[in-house]
Chemist: 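Provided herewith is a single structure, encoded as structure tokens, for subsequent inquiry.
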Amino acid sequence: MLHKLKTLPTHFNAVKDGRKNFEIRKNDRHFQIDDELLLEEFEPKDYWDPEDPKEDRYTGSFVHRRITYIVKGKEYGLKDGYVVLGIEKI
């Protein structure tokens, strides 16, 4: 299954650069190992400068990753209903 997810620029760039190989997400999509993520860079209004409000926008940049590991809520202090997804480049 392919999941399209909004991703803030700070986190998006860390995944793109290879510094971040996980995602923390609400598990409202019932993520499974081998599912694919299409992380789309997203800038909400006021993201860069609260004094210069802009409209929410996708930048057009994206990365494609596969889920390799899942830690579910209630484990290691993670809030119930959330997951940590181990991801790898496809």
Side-chain angles (χ1 to χ4, degrees):
M1 165 145 324
L2 177 67
H3 305 277
K4 291 184 178 182
L5 302 171
K6 293 178 184 174
T7 308
L8 295 175
T10 303
H11 302 291
F12 177 85
N13 288 322
V15 171
K16 183 178 175 183
D17 295 345
R19 294 176 285 127
K20 181 175 177 255
N21 59 1
F22 64 92
E23 281 291 308
I24 301 171
R25 296 286 177 154
K26 187 172 185 178
N27 195 18
D28 54 355
R29 298 169 182 252
H30 307 289
F31 296 105
Q32 301 292 319
I33 291 175
D34 289 326
D35 282 0
E36 296 179 12
L37 306 180
L38 187 66
L39 302 177
E40 299 179 288
E41 187 177 27
F42 180 79
E43 294 178 342
K45 63 183 177 182
D46 304 336
Y47 183 75
W48 296 110
D49 182 0
E51 300 300 318
D52 183 21
K54 298 178 177 131
E55 295 300 315
D56 292 346
R57 73 180 187 106
Y58 288 94
T59 66
S61 296
F62 63 90
V63 292
H64 194 189
R65 298 293 187 263
R66 179 184 352 267
I67 299 173
T68 59
Y69 195 81
I70 300 174
V71 177
K72 294 184 178 181
K74 294 187 177 181
E75 293 182 56
Y76 303 106
L78 188 61
K79 188 175 179 180
D80 190 28
Y82 285 79
V83 290
V84 176
L85 306 171
I87 57 175
E88 68 180 3
K89 190 174 185 177
I90 296 178

Chemist: Can you tell me how far CG of Leu85 sits from CZ of Phe22, rounded to the nearest 0.5 angstrom?
Modeler: 10.5 Å
Chemist: Do the side chains of Arg19 and Asp17 get close enough for a salt bridge, i.e. N-O under 4.0 angstrom?
Modeler: yes
Chemist: How many angstroms lie between CE in Met1 and CG in Leu37, if you round to the nearest 0.5 Å?
Modeler: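 Met1 CE to Leu37 CG: 12.0 Å, rounded to 0.5 Å.
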Chemist: Flag the pair Glu40 / Lys4 as yes when at least one side-chain heavy-atom distance between them is below 4.5 Å, and no otherwise.
Modeler: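 Of all side-chain heavy-atom pairs linking Lys4 with Glu40, at least one is under 4.5 Å.
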Chemist: Once rounded to the nearest 0.5 Å, what's the spacing between atom CD1 of Ile67 and atom CD of Glu36?
Modeler: 9.5 Å
Chemist: I'd like to know if the side chain of Asn27 reaches the main chain of Phe31, judged simply by a donor and an acceptor atom lying under 3.5 Å from each other, with no hydrogens or angles considered.
Modeler: yes
Chemist: With a sphere of 6.0 Å drawn around NZ of Lys20, does it hold more than 12 non-hydrogen atoms of other residues, nucleotides or ligands?
Modeler: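 Yes, NZ of Lys20 has more than 12 neighbouring heavy atoms, counting only those of other groups under 6.0 Å.
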Chemist: Would the distance check show the side chain of Arg65 and the main-chain N or O of Val15 forming a donor-acceptor pair, the cut-off being under 3.5 Å?
Modeler: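 Yes: the side chain of Arg65 pairs with the backbone of Val15.
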Chemist: Taking all heavy atoms of Tyr58 and all of Lys6, pick out the closest pair and write down the distance.
Modeler: OH-CE, 3.1 Å
Chemist: Taking a hydrophobic cluster as the set of Ile, Leu, Val, Met, Phe, Trp and Tyr residues connected by side-chain heavy atoms closer than 4.5 Å, whether directly or through intermediates, do Tyr76 and Tyr69 fall within one such cluster?
Modeler: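 They do share one cluster, since a chain of ILVMFWY contacts under 4.5 Å joins Tyr76 to Tyr69.
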Chemist: In a check of side chain to side chain donor-acceptor pair (under 3.5 Å) between Asp35 and each of His30, His3, Arg29, Arg66, which one passes?
Modeler: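 Testing each of His30, His3, Arg29, Arg66 against Asp35, the sole residue satisfying side chain to side chain donor-acceptor pair (under 3.5 Å) is His3.
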Chemist: If I take atom OH from residue Tyr82 and atom NZ from residue Lys74, how far apart are they, to the nearest 0.5 angstrom?
Modeler: 14.5 Å
Chemist: Quick check: do Glu41 and Thr7 have side-chain heavy atoms less than 4.5 Å from each other?
Modeler: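 The answer is no, as the side chains (C-beta and beyond) never meet within the 4.5 Å cut-off.
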Chemist: OG1 of Thr68 to CD1 of Ile33: how many Å apart, nearest 0.5 Å?
Modeler: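 Nearest 0.5 Å value for the OG1-CD1 distance: 7.5 Å.
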Chemist: Measure the CG-CZ distance between Asp56 and Phe42 for me, rounded to the nearest 0.5 Å.
Modeler: 4.0 Å
Chemist: Under the criterion side chain to side chain contact (heavy atoms under 4.5 Å, CB included), I'd like the reasoning laid out for His11 against Leu39: C-alpha separation, chi angles, the key distance, then a yes or no.
Modeler: CA-CA 10 Å; His11 302 291; Leu39 302 177; over 6 Å; no
